[in-house]
Amino acid sequence: MELALPLLPNPDAPGLTRKVTGRDHTGADVDIAVVEERPLTIFLNSQEIVTAMTIGDYPEYLALGFLRNQRMLRDSDEITGVDYDEDIDTVVVRTAEKTNFEEKLRKKTRTSGCAVGTVFGDMMDGLEDVVLPDTKVRTSALYALAKQINTLPSLYLAAGAIHGTVLCEDDRVLVYMEDVGRHNAVDKISGVMLRHGISPQGKILYTTGRLTSEMVIKTAMMGISVLASRSGFTAWGVEIARDLGLTLIGRMRGQRFVCLSGEERLIRDADVSAIPDEDRRHRRKSAESDA
């Protein structure tokens, strides 16, 4: 299925925000846009898998990416249908082969995501077979991406309270997804890649959220070897990245970043003294990245 790239956020899409009236610190009435969130129930064939809280855009990509990142969908599976019913907020993913994940569903782990995501207790299984591509990363491309992503139209800039995840290649943005939880945003990226046959070779994943174990595992399961963020790290996230040989770059703001794993992939071709600090009006992009 052909996909026009780049696929970017549309903050004006209906149903993503609504106006709410309140009062500010002076007691004056204010109208602000707030992000909507709604439940989305995901089925794999006849089995209910999970109900996720999401902003409601791209439900088919979210369902496909979630199932893929939980290893419930394999590369060899033939997907025969992805049906979204807006009236009951449900996506059913259908495969040619029968599936049964009753045992897996008993092992749920609540994640550290700001919207409380769910992964399953065997989330480390299969990582021993992961072989990541040797994607080189130019620091000049990293700086160009950070500036570009920070200034693109987004739901975050319109309403806040949301995370973004971006699939990139060198200094090009390919797919930019947002959601109330960074885990949802990365699952949407995974769903796009699965649905449209996008190779992980040479790709970089950029997120506004923390570099947790969950984010590292999802990135590795997608076959992407470079994960970058405006935010910081967790110890387990760093440990898993080092075990997998994944390049992990965090605290990317202005001229600064820190690489805690896979530094050998970095090509330091940028003149750091020529990189301007972030414009103050765009610093808000990271204001909630540690939420």
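Here the structure is a predicted model, which is why all the values come from computation and not from measurement. Residues take their numbers from the sequence shown, with the count starting at 1.
Qualifying side chain to side chain contact (heavy atoms under 4.5 Å, CB included) partners for Arg94, counting only residues two or more places apart in sequence or in other chains: Asn45, Thr80, Asp83, Val92. Remark: Pro6 engages Leu8 in a side chain to side chain contact (heavy atoms under 4.5 Å, CB included) (not counting sequence neighbours). Under the side chain to side chain donor-acceptor pair (under 3.5 Å) criterion, Arg242 pairs with no residue, sequence neighbours left out. Asp134 pairs by the side chain to side chain contact (heavy atoms under 4.5 Å, CB included) definition with Lys136, Arg265, not counting sequence neighbours. For the salt bridge (Lys or Arg N to Asp or Glu O under 4.0 Å) test, residues two or more places apart in sequence or in another chain that qualify with Glu263 are Arg268. The side chain to side chain donor-acceptor pair (under 3.5 Å) search around Thr26 returns Asp24, not counting sequence neighbours. By the salt bridge (Lys or Arg N to Asp or Glu O under 4.0 Å) test, Asp29 is found to be paired with Arg23, residues two or more places apart in sequence or in another chain being considered. The ring pair (Phe, Tyr, Trp, His ring centres under 6.0 Å) check on Tyr58 picks up Tyr61, with sequence neighbours excluded. In terms of the side chain to side chain donor-acceptor pair (under 3.5 Å) criterion, Ser229 has no residue partners (sequence neighbours excluded). Partners of Asp170 according to the side chain to side chain donor-acceptor pair (under 3.5 Å) rule, which considers only residues two or more places apart in sequence or in another chain, are Arg138. Ser190 pairs by the side chain to side chain contact (heavy atoms under 4.5 Å, CB included) definition with Arg68, Asn69, Met222, not counting sequence neighbours.
A heavy-atom distance below 4.5 Å is not found between the side chains of Tyr206 and Leu167. Annotation: side chain of Met221 is in contact with side chain of Arg71 (closest heavy-atom distance under 4.5 Å). A 4.5 Å side-chain heavy-atom check between Val35 and Val180 finds at least one atom pair inside the cut-off. A heavy-atom distance below 4.5 Å is found between the side chains of Ile249 and Leu266. Inter-residue side-chain proximity for Thr54 and Glu37 is flagged as unmet; no heavy-atom pair is nearer than 4.5 Å. Side chains of Leu3 and Val192 form a contact here, defined as non-hydrogen atoms less than 4.5 Å apart. Between Val82 and Leu64 there is a side-chain heavy-atom pair separated by less than 4.5 Å. Side-chain contact between Glu36 and Ile55 is absent, with no heavy-atom pair separated by less than 4.5 Å.
Scanning both residues, Tyr156 and Ile162, for their nearest heavy atoms gives CD1-O, 3.2 Å. Here the closest heavy-atom approach between residue Ser273 and residue Gln255 is recorded as O-NE2, 4.3 Å. Thr208 and Ser231 make their closest contact through O-CB, 3.8 Å (heavy atoms, listed as atom of the first residue, atom of the second, distance). In terms of heavy atoms, Ala185 sits closest to Gly164 at CB-C, 4.5 Å. Contact record, Glu178 with Pro9: OE1-CB, 3.4 Å, taken as the closest heavy-atom pair.
The CD1 atom of Ile224 sits 9.5 Å away from atom CG of Leu132, with the distance rounded to the nearest 0.5 Å. Note that CD1 of Ile217 and CD of Gln70 are 9.5 Å apart. Values are rounded to the nearest 0.5 Å. To the nearest 0.5 angstrom, Glu169 atom CD is 9.0 Å from Thr135 atom OG1. Distance check: Ser225 OG to Leu246 CG gives 6.5 Å after rounding to the nearest 0.5 Å. Interatomic distance, CD1 of Ile189 versus CG of Asp187, reported as 10.0 Å (0.5 Å rounding). Between atom CG of residue Leu227 and atom CE of residue Met215 there is a gap of 5.5 Å, rounded to the nearest 0.5 Å.
No more than 12 heavy atoms of other residues, nucleotides or ligands sit less than 6.0 Å from atom CG of Asp75. For Glu86, the CD atom is loosely surrounded, since the number of other residues' heavy atoms within 6.0 Å does not exceed 12. At most 12 heavy atoms of other shown residues, nucleotides or ligands fall within 6.0 angstrom of atom CZ in Arg18.
For the residue pair Thr95/Asp77, the side-chain donor-acceptor check at 3.5 Å is not satisfied. A donor and an acceptor atom, one from each side chain of Asp85 and Thr90, are nowhere located under 3.5 Å apart.
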>> Go through it in stages, so that I can follow the logic: the residues are Phe66 and Ile42, the test is side-chain contact (heavy atoms from CB on, under 4.5 Å), and I'd like the CA-CA distance, side-chain angles, deciding distance and then a yes or no.
In response: CA-CA 9 Å; Phe66 178 85; Ile42 299 171; 4.2 Å; yes
>> Apply side-chain contact (heavy atoms from CB on, under 4.5 Å) to residues Arg253 and Arg230 and explain how you reach the verdict.
In response: CA-CA 6 Å; Arg253 301 183 186 182; Arg230 298 180 57 79; 4.1 Å; yes
>> Working note: Leu194 + Ile79, criterion side-chain contact (heavy atoms from CB on, under 4.5 Å); need CA distance, chi angles, decisive distance, verdict.
In response: CA-CA 10 Å; Leu194 178 61; Ile79 298 170; 4.0 Å; yes
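In summary, Glu60 and Arg195 do not engage in a salt bridge, as defined by a charged side-chain N under 4.0 Å from a carboxylate O.
Residue pairs meeting the ring pair (Phe, Tyr, Trp, His ring centres under 6.0 Å) criterion with at least one partner in residues 8-49, sequence neighbours excluded, do not occur; the list is empty.
Although no hydrogens or angles enter the test, the distance criterion places no donor-acceptor pair under 3.5 Å between the side chain of Lys147 and the main chain of Leu145. Checked by atom type and distance alone, the side chain of Asp171 never pairs as donor or acceptor with a backbone atom of Ser140 at under 3.5 Å.
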